[in-house]
Amino acid sequence: MPKEYRTIQEVAGPLMLVRDVENVTYDELGEIELMNGEKRRCKVLEIDNGNALVQLFENSTGLNLESSKVRFLGRTMELGVSEDMLSRVFDGLGRPIDDGPEILPDERRDVNGLPMNPAARAYPEEFIQTGVSAIDGLNTLVRGQKLPIFSASGLPHAKLAAQIARQAKVRGTDEQFAVVFAAMGITFEESNDFVESFRETGAIDRTVLFMNLANDPAVERIATPRMALTAAEYLAFEKGMHVLVILTDITNYADALREVSAARKEVPGRRGYPGYMYTDLASLYERAGRQKGKKGSITMIPILTMPEDDKTHPIPDLTGYITEGQIILSRDLYRRGIEPPIDVLPSLSRLKDKGIGEGKTRADHANTMNQLFAAYARGKDAKELMMILGEAALTEIDKLYAKFADEFEQQYINQGYRADRSIEDTLDIGWDLLRILPRTELKRIKDEFLDKYYTK
């Protein structure tokens, strides 16, 4: 039976100081029992000469320093994992909230996970089809990759996240594919939308959802992505599944980190965020990947809203360092009604060339991707020139490029949130658009592909 302490010294916001504790370790879970028998959970943040600084998971209302008792449980935060988690909805601490039964775990795992040995990592190189042309065709996602989506407040990143979660698949294999979806700091309405969207399409059968709402404690928000990744590691590396982890919204997570750091009176770093935020984010992102000798994999799409649309803000900035590229959403495209509003020119998938080509997508993929990028960039320049100098200033070929840019946005990017395009559909739409330009302009495509597809 764990020893009980009645030595609570003080409570400040989400933090509590307990004096004269013995054999208590960092990150250990504790339980506070109030006078009326109610129990609340806490976690050890710091140990100093027998004094434990603990963080409360619930609020501190009604906590009487004299009569409340604290017990330390001798273990860190754990999640009971099992294949039965698929098709279930949990709160941010892994408790079922879908009126279903408790999970009977195959094992209990520490939510902080174990770092993956760099030498045991396998290189990400298999194509994952999301059904979204702007990603599949131009910023391809591969198994084991970390590819964040940089959004801004008011942009429909939640719809895009739900679309990718519903549609994503590894092609040409009969291997199991699962989605672990963790939402942090979202409203009840958004949470409901996600769950309904998965139920409606049947995608919920292969999905594990963790929902942390905006009114839940900040401490729980810090635990939510770790819960999700623990479930993902179990499904990927024990059960051999390909798991896509979607974390939204990392900005809410980082704000919770800042809130707890401020309560601990730590010295703030850039914009008030803790100096260890880089390490903290890396401890999440680096849990994605593939391991040699294991069939499963974890691919991650963290979604974050850039405060004030600023990609130099610490959260997107640090995320960009740790991950392999980014998909950027554009307010301008959104205003013009293009869905999803993915801005393909500043977006980048650093591993896209590893997941495309013969046997993965199609032999003409790399050539057409380069040509579409180049033509769209030139078309955007032509449109800018037209706005400044008028249409008369454009040559005939410039006008074709300007037309190409408009058609590209309308047909290629603007597919809505319900269309699930195969990679062949995406490549064929690309060829339809390239036919707007004369063959002599398509200098980035080999003649054999031009003969095969351009003259169709």
Q: Taking only Lys NZ, Arg NE, NH1 and NH2, and the carboxylate oxygens of Asp or Glu, determine whether Glu286 and Arg121 approach each other closer than 4.0 Å.
A: yes
(Q) Quick test of your reading of the model: are Asp255 and Arg258 salt-bridged, counting only N-O distances below 4.0 Å? (A) yes
Q: State, to 0.1 Å, how close Asn414 and Glu339 come at their nearest heavy-atom pair, and which atoms those are.
A: OD1-N, 3.0 Å
Q: Please test Arg331 against Arg335 for side chain to side chain contact (heavy atoms under 4.5 Å, CB included), starting from the C-alpha separation and ending with a verdict.
A: CA-CA 6 Å; Arg331 208 174 278 287; Arg335 283 196 195 106; 3.5 Å; yes
**Q.** Flag, side chain of Thr230 to backbone of Val111, donor-acceptor distance under 3.5 Å
**A.** yes
Q: If the plane angle is over 60° it's perpendicular, under 30° parallel, otherwise tilted; pick one for Phe198 and Phe194.
A: parallel
Q) What closest approach, in Å, do Arg206 and Ala165 show between heavy atoms, and which atom pair accounts for it? A) NH2-O, 3.0 Å
Q) Do the side chain of Arg221 and the main chain of Asp216 share a donor and acceptor less than 3.5 angstrom apart? A) yes
**Q.** Phe373 and Arg444, any side-chain heavy atoms less than 4.5 Å apart
**A.** no
Q. Distance-only, no hydrogens or angles: does the Asp309 side chain make a donor-acceptor pair with backbone N or O of Ala152 under 3.5 Å?
A. no
Q.
Any salt bridge linking Arg362 with Glu424? Criterion: basic side-chain nitrogen under 4.0 Å from a carboxylate oxygen.
A. no
Q: Among residues two or more places apart or on two chains, list those pairs meeting ring pair (Phe, Tyr, Trp, His ring centres under 6.0 Å) that have a residue in residues 397-418.
A: Tyr376-Phe408, Phe404-Phe408, Phe408-Tyr412
Q: Give the minimum heavy-atom separation between Glu259 and Ala218, together with the two atoms involved.
A: OE2-CB, 3.6 Å
Q) Can a salt bridge be assigned to the pair Lys383 and Asp406 using a cut-off of 4.0 Å between side-chain N and carboxylate O? A) yes
Q: Answer yes or no: are there more than 12 heavy-atom neighbours, outside Phe188 itself, under 6.0 Å from its atom CZ?
A: no
Q: Start with the C-alpha gap between Asp98 and Leu209, add the side-chain angles, then the distance that decides, and say whether side chain to side chain contact (heavy atoms under 4.5 Å, CB included) holds.
A: CA-CA 10 Å; Asp98 54 3; Leu209 290 104; over 6 Å; no
Q: Decide, yes or no, whether a salt bridge links Arg418 with Glu200 under the criterion of side-chain N to carboxylate O below 4.0 Å.
A: yes
(Q) For the backbone of Ile222 and the side chain of Arg226, can you confirm whether one donor and one acceptor N or O come within less than 3.5 Å of each other? (A) yes
Q | Candidate pair Phe150 and His313, rule ring pair (Phe, Tyr, Trp, His ring centres under 6.0 Å), full reasoning | A | CA-CA 11 Å; Phe150 287 6; His313 184 280; over 10 Å; no
Q) Which heavy atom of Ala405 sits nearest a heavy atom of Lys380, and at what distance? A) CB-N, 4.0 Å
Q. If you count the non-hydrogen atoms of other residues, nucleotides and ligands that lie under 6.0 Å from OH in Tyr276, is the total more than 12?
A. yes
(Q) For a side chain to side chain contact (heavy atoms under 4.5 Å, CB included) check, start with the C-alpha distance between Leu442 and Arg435, then their side-chain angles and the critical distance, and finish with the verdict. (A) CA-CA 9 Å; Leu442 308 182; Arg435 289 189 199 104; over 6 Å; no
Q: Using modelled atom types only, decide if a donor and an acceptor are shared between the side chain of Asn252 and the backbone of Met184 within a distance under 3.5 Å.
A: yes
Q | Lys/Arg-Asp/Glu bridge criterion (N-O < 4.0 Å) met for Arg109, Glu238 | A | yes
Q.
So does Ala119 get a backbone contact from the side chain of Lys292, meaning a donor-acceptor N/O pair under 3.5 Å?
A. yes
Q. Looking at Arg271 and Asp310, does any basic side-chain N land under 4.0 Å from a carboxylate oxygen?
A. yes
Q | Nearest non-hydrogen partners of Met227 and Leu79, listed with the distance | A | O-CD2, 3.3 Å
Q: State whether a side-chain donor-acceptor pair under 3.5 Å links Thr319 with Tyr285.
A: yes
(Q) If you count every heavy atom of other residues, nucleotides or ligands that lies below 6.0 Å from Lys399 atom NZ, does the total exceed 12? (A) yes
Q: State, to 0.1 Å, how close Ala236 and Ser297 come at their nearest heavy-atom pair, and which atoms those are.
A: CB-O, 3.6 Å
Q | Any side-chain heavy-atom pair of Tyr234 and Val208 under 4.5 Å | A | no
(Q) How about NZ on Lys360, more than 12 heavy atoms from neighbouring residues, nucleotides or ligands closer than 6.0 Å, or not? (A) yes
**Q.** Derivation of the side chain to side chain contact (heavy atoms under 4.5 Å, CB included) call for Val81 and Glu233
**A.** CA-CA 10 Å; Val81 288; Glu233 284 168 348; over 6 Å; no
Q) Got more than 12 heavy atoms from elsewhere within 6.0 Å of CZ, Arg350? A) yes
Q | Under 3.5 Å: donor-acceptor pair, side chain of Glu407, backbone of Leu433 | A | no
Q | salt_bridge(Lys169, Asp420) N-O dist < 4.0 Å | A | yes
Q: Give a yes or no answer on whether the side chain of Asp106 reaches the backbone of Ser82 with a donor-acceptor pair at less than 3.5 Å.
A: no
(Q) Is the shortest side-chain heavy-atom distance between Ile164 and Ile135 below 4.5 Å? (A) yes
Q. Counting N and O atoms only, with roles assigned by atom type, does the side chain of Glu409 sit under 3.5 Å from a partner on the main chain of Leu333, one being a donor and the other an acceptor?
A. no
Q: Indicate yes or no for a side-chain donor-acceptor contact from Arg88 to the backbone of Glu102 under 3.5 Å, with no hydrogens or angles considered.
A: no
(Q) Within the structure provided, determine whether Met369 and Thr361 are in side-chain contact (heavy-atom separation under 4.5 Å). (A) no
(Q) Using the side-chain contact (heavy atoms from CB on, under 4.5 Å) definition, which of the options Leu400, Leu385, Leu389 pairs with Leu394? (A) Leu385
**Q.** From His157 atom NE2 to Ile149 atom CD1, the distance as rounded to the nearest 0.5 Å
**A.** 9.5 Å
